Amino acid sequence: MINSTLDRVLLKIEGENTEPSVIFFCGIHGNEPAGVLAIQELRERLERMSMKGSLYVFRGNIKAFQEGVRYIDKDLNRLWSRSGIDEMCKGVLRGAAEYEEQRALYEEIKNIINTKTGPLFFVDFHTTSSKTLPFITIDDAIINRRFSKLFPVPTVLGIEEYLNGPLLSFINQLGFLSIGFESGEHHDAEAVLNAKAFMLLTLCYSGLVDPNDLEDFNDHFNRLKKASDGKAHFYEVIERYTIKENEMFVMEPGFKSFQEVNKGELLAKSNGEPVLAKNNAMLFMPLYQPQGNDGYFLIRRISSFFLRLSTYLRGNRLDSVLVYLPGVTWNSLKKDALKVNLRVARFLARPIFHLLGYRHYEEEGAYLIMYNRERTTRTHRYNDLKWFQAK
């Protein structure tokens, strides 16, 4: 059992089950305190506010938070794959502190999903080990894009293609809106202020709070707008440097997220050997902490034409044509995932799959199982919201 004086539930305000529900996760990584500090500073104000719906705020990794480390045994934000959830439910997983943390969070999430019938908004608050603009990360689903567009900060999509088992990907697979907000560097006071601003704006955009009742709405909006430094666009991940076991990886000093780098530029050292940028791109989340195996990512801006085209193609379910390609079939009668033969997968153009909504995949024997968020989104819960109707 978790032996801690820290609370899992940082705040709970209950409304009607048919009304919107906002769920905040803070401290999924124990060395990222900004979200917890933000809710502690906002708590009394939130408890006095008039809300039309429910608000839940959960602390993530209690043990790691106490010790100020990213995780104790395993990264809590990498345990939420389909196979990982199945094993957890069967009680197969043992021996890591994070399994108990995961089970406690899973029970809270399951209870909300089983009792609430209105729109659900899941937001996971994080910070980074490097200097950064505040930004949003999302799985590439139209519902996530449209909600993210309300905020005056950069949005990075497609990261689910490079990570296995993030919490928000699991929630998105269930059909609900889920976004991550990275508010700044781990222990920067600005990160707490940015997290507070994002929390309050989320309450307004979700319908829990009337923006007219939030007298400082514009102050929070303008804070994030100014902090975004004119980069409030959509970006996609094009590369991830994965640190191997026992590899001595050291990032070159001074890099920050959204910094432009040139092909051939020295980014890091691996076992003393230079690691060079493979493309002209923007550097994203360079690693300046001892834990974690994400050395860095490279991103690029997405054109508005691509975003509009992908919205049209997905809205008209044109991904159905993919099953006519050799080695591609539906994974089940639900038609929510493709089964792609690994021998032919390397010949298929990734941008086509991206356009049609297929970014997340898991290996299963000799096949890739590729999931489409659009086919699982519970759009009926969000259809009446103005931001969702906007094109």
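What you see is a predicted model, and the numbers here were worked out from it, not measured in a lab. Both backbone and side-chain heavy atoms feed into the values below; hydrogens, waters and symmetry mates do not.
- Inspection of the Arg145 and Ser310 side chains reveals an N or O donor paired with an N or O acceptor under 3.5 Å.
- Put simply, the side chain of Arg381 gets close to the backbone of Gly118: a donor and an acceptor are under 3.5 Å apart.
- Side-chain contact, Asp124 with His126: a donor N or O sits under 3.5 Å from an acceptor N or O.
- Inspection of the Thr379 and Thr377 side chains reveals no N or O donor paired with an N or O acceptor under 3.5 Å.
- Without hydrogens or angle criteria, Arg373 side chain to Asp139 main chain gives no donor-acceptor distance under 3.5 Å.
- Note that Arg146 lies in the cation-pi zone of Phe388, set by a 6.0 Å cut-off to the ring centre and a 45° limit from the axis.
- Checked against the 6.0 Å centroid threshold, Phe125 and Phe24 count as a close aromatic pair.
- No side-chain donor-acceptor contact under 3.5 Å links Lys131 and Ser257.
- At least one cation-pi condition fails for Lys12 and Tyr56: the charged atom is not both under 6.0 angstrom from the six-membered ring centre and inside a 45 degree cone around its axis.
- Heavy-atom contacts from other residues, nucleotides or ligands closer than 6.0 Å to CZ of Arg378 number more than 12.
- Side-chain contact of Gln291 with His29: a donor-acceptor pair under 3.5 Å is absent, judged by distance alone.
- Geometrically, Arg314 does not engage Tyr358 in a cation-pi contact defined by less than 6.0 Å to the ring centre and at most 45° from the axis.
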